[in-house]
Amino acid sequence: MEKSIENVWKAGFLKKDALIAPKINNLYHQKSIHIIDKFKRMMKVNMYLILIFAFLQLGVYAALGTPIAGAFIFFLLIRVCWISMKRANTLKKIDANVSSYDYLKLFNSWLKMAISNNIKLMRFFYPLIFLAALMPIVHALKAEEMTNEAILNSGFHLIYGIPTFMWIIALVIAVLMYVFGGRIYQWDLNWVYGRVFKKLDELIADIEELNK
Amino acid sequence: MGSDFYISSILPFSGIIIKICRAYTDSQEDFEDYFQEVCLQIWRSKENFREESQWSTWVYRISLNVCLTLLKKKKNNGHHFVSDSLAAEEIEDTYAFADESLNILYDAIRQLSEIDRAVIMLYLEEKPYIEIADILGTNPNNIGVRVKRIKNRLKILLDGKIN
């Protein structure tokens with residue numbers, strides 16, 4: 001006679017060893033690998049995007065009549081990519097055979113070191129990009145007969161055909177960008193990687209709590 | 001997760017977690033992943049437990065939610081667990097209850113829809129319809145009909161396999 005499912009269920013779980021909980025070991029192993037792999041993938045995608053953007057700048061700035069500014073931005077972006085690639089290579093040196101916690105901690109210190117170095121770099125990068133990005137505007141103002149004449153007749157003191165006060169404003173913005181470069185970079189970084197960073201911190205905190 | 005919490009609040013209820021996780025996984029490795037994730041979520045959400053229901057009901061609810069979420073994630077995002085990369089034969093012999101009839105019943109349960117699996121397991125755990133409805137956030141009036149329908153389906157799936 002066929003047993004009812006209720007009886008199968010009861011009888012099955014009455015047996016010894018039917019309900020042995022698996023050991024909570026290696027709990028975070030997959031999570032840590034998953035999160036770091038995700039970060040590496042995002043970093044790679046980000047680098048490719050910067051590369052594409054760098055080449056686009058060459059074309060766009062040439063079309064706007066300022067190929068030198070385009071080449072300058074291209075050079076800056078390529079330099080950023082190159083530095084990032086070099087950093088990514090040092091990431092490979094992190095020993096993945098250690099425990100999840102150690103792996104996460106090593107990765108976290110690598111990340112902090114990379115961010116701190118990037119902050120120094122970005123302090124120069126942002127103002128330089130900003131000044132280079134102004135070149136097509138300067139070029140357009142000078143190339144357009146009407147605006148050029150208006151500037152010449154304005155009575156303002158001019159440098160390279162542009163009112164000096166405008167250069168000063170641009171310079172002040174560039175200096176501010178230098179001063180706040182670190183913060184701008186942090187904001188930029190959080191916008192792209194914020195969620196991964198949060199998960200990483202949570203994971204480390206979880207493991208530390210677990211180890212208590 | 002502190003070991004005190006694990007010993008006092010998870011281990012006594014691990015049977016619930018095991019039963020549910022087994023119904024949503026088809027390999028030992030996935031089962032262990034799901035089990036660990038459920039434990040982690042119970043620990044994480046312990047502050048949200050307001051004692052409006054029993055702790056066991058809370059454990060059921062979290063176990064089901066986690067299993068359904070993980071299953072959905074796995075299907076949608078192609079989220080791979082380590083076991084995905086293992087050959088089927090490596091998994092087969094490690095995955096089994098001691099009772100063969102129970103294994104057959106579980107195989108049949110796994111062929112049900114995700115929600116039907118939850119309903120029938122809570123029914124087999126002798127939870128009243130009102131509690132099943134509460135755990136699943138549905139109308140208690142529908143549970144009885146649903147259980148009857150699921151039992152009929154299981155009968156077809158198990159036809160002659162369990163004696």
Side-chain angles (χ1 to χ4, degrees), chain A residues 1-42 44-45 96-101 103-105 195-196 198-212, chain B residues 1-6 10-19 21-22 28-29 31-40 43-44 79-83 96-106 108-109 120-121 123-126 147 150-155 157-163:
Chain A
M1 196 188 134
E2 201 167 308
K3 278 194 216 167
S4 71
I5 58 165
E6 290 88 344
N7 285 338
V8 172
W9 187 265
K10 270 186 200 159
F13 286 118
L14 278 179
K15 285 197 177 170
K16 206 182 149 205
D17 300 343
L19 288 170
I20 294 177
K23 279 183 186 165
I24 305 264
N25 55 356
N26 236 2
L27 182 59
Y28 293 96
H29 185 62
Q30 287 174 41
K31 281 192 168 205
S32 50
I33 288 176
H34 179 70
I35 202 167
I36 292 174
D37 281 353
K38 191 177 175 185
F39 179 82
K40 283 179 186 170
R41 276 200 305 276
M42 284 174 81
K44 217 175 192 176
V45 170
N97 294 319
V98 292
S99 73
S100 302
Y101 179 67
Y103 186 49
L104 283 172
K105 287 293 262 186
R195 284 183 67 186
V196 184
K198 201 177 158 211
K199 275 189 181 175
L200 187 70
D201 286 342
E202 280 174 3
L203 207 56
I204 291 174
D206 271 1
I207 299 177
E208 279 170 353
E209 174 80 23
L210 184 73
N211 289 341
K212 270 181 196 170
Chain B
M1 175 167 31
S3 59
D4 288 351
F5 179 77
Y6 181 74
I10 294 186
L11 211 52
F13 301 92
S14 61
I16 297 170
I17 308 170
I18 293 171
K19 286 172 187 174
C21 291
R22 285 283 186 202
Q28 180 66 19
E29 284 74 14
F31 162 69
E32 285 177 13
D33 284 339
Y34 278 53
F35 182 88
Q36 291 180 359
E37 190 66 36
V38 169
C39 293
L40 199 62
W43 171 65
R44 275 184 181 156
H79 175 70
H80 295 293
F81 286 94
V82 170
S83 56
F97 283 112
D99 187 285
E100 198 46 40
S101 299
L102 189 60
N103 285 327
I104 296 168
L105 176 60
Y106 257 95
I109 288 175
I120 198 67
M121 273 190 302
Y123 164 78
L124 289 168
E125 285 291 286
E126 297 178 335
V147 166
I150 300 169
K151 281 176 78 178
N152 285 336
R153 171 122 168 84
L154 282 176
K155 214 172 178 183
L157 290 168
L158 292 169
D159 188 31
K161 288 181 186 166
I162 299 175
N163 295 311

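Chain identifiers are assigned alphabetically (A, B, ...) following the order of the sequence lines, protein sequences preceding nucleic acid strands; residue numbering begins at 1 within each chain. Computed from a predicted model, the values in this text were never measured in an experiment.
In this structure, the ring of Tyr106(B) has its center less than 6.0 angstrom from the ring center of Trp9(A).
Interface remark: Ile17(B) contributes no atoms to any contact with chain A (heavy atom separation under 4.5 Å). Contacts between Ile109(B) and chain A at a heavy-atom distance below 4.5 Å involve the side chain alone, from C-beta outward. Proximity to chain A is limited to the side chain of Glu126(B), based on heavy atoms less than 4.5 angstrom apart. Using a 4.5 Å cut-off between heavy atoms, Leu154(B) contacts chain A through its side chain alone, with no backbone atom that close.
In the displayed structure, Lys44(A) atom NZ is contacted under 6.0 Å by at most 12 heavy atoms of other residues, nucleotides or ligands.
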Requested in this report: Evaluate side chain to side chain contact (heavy atoms under 4.5 Å, CB included) for Ile5(A) paired with Ile120(B), printing each intermediate quantity in order.
Outcome: CA-CA 10 Å; Ile5(A) 58 165; Ile120(B) 198 67; 4.0 Å; yes

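Between Glu6(A) and Lys151(B), at least one side-chain N (NZ, or NE/NH1/NH2) sits under 4.0 Å from a carboxylate O, which counts as a salt bridge.
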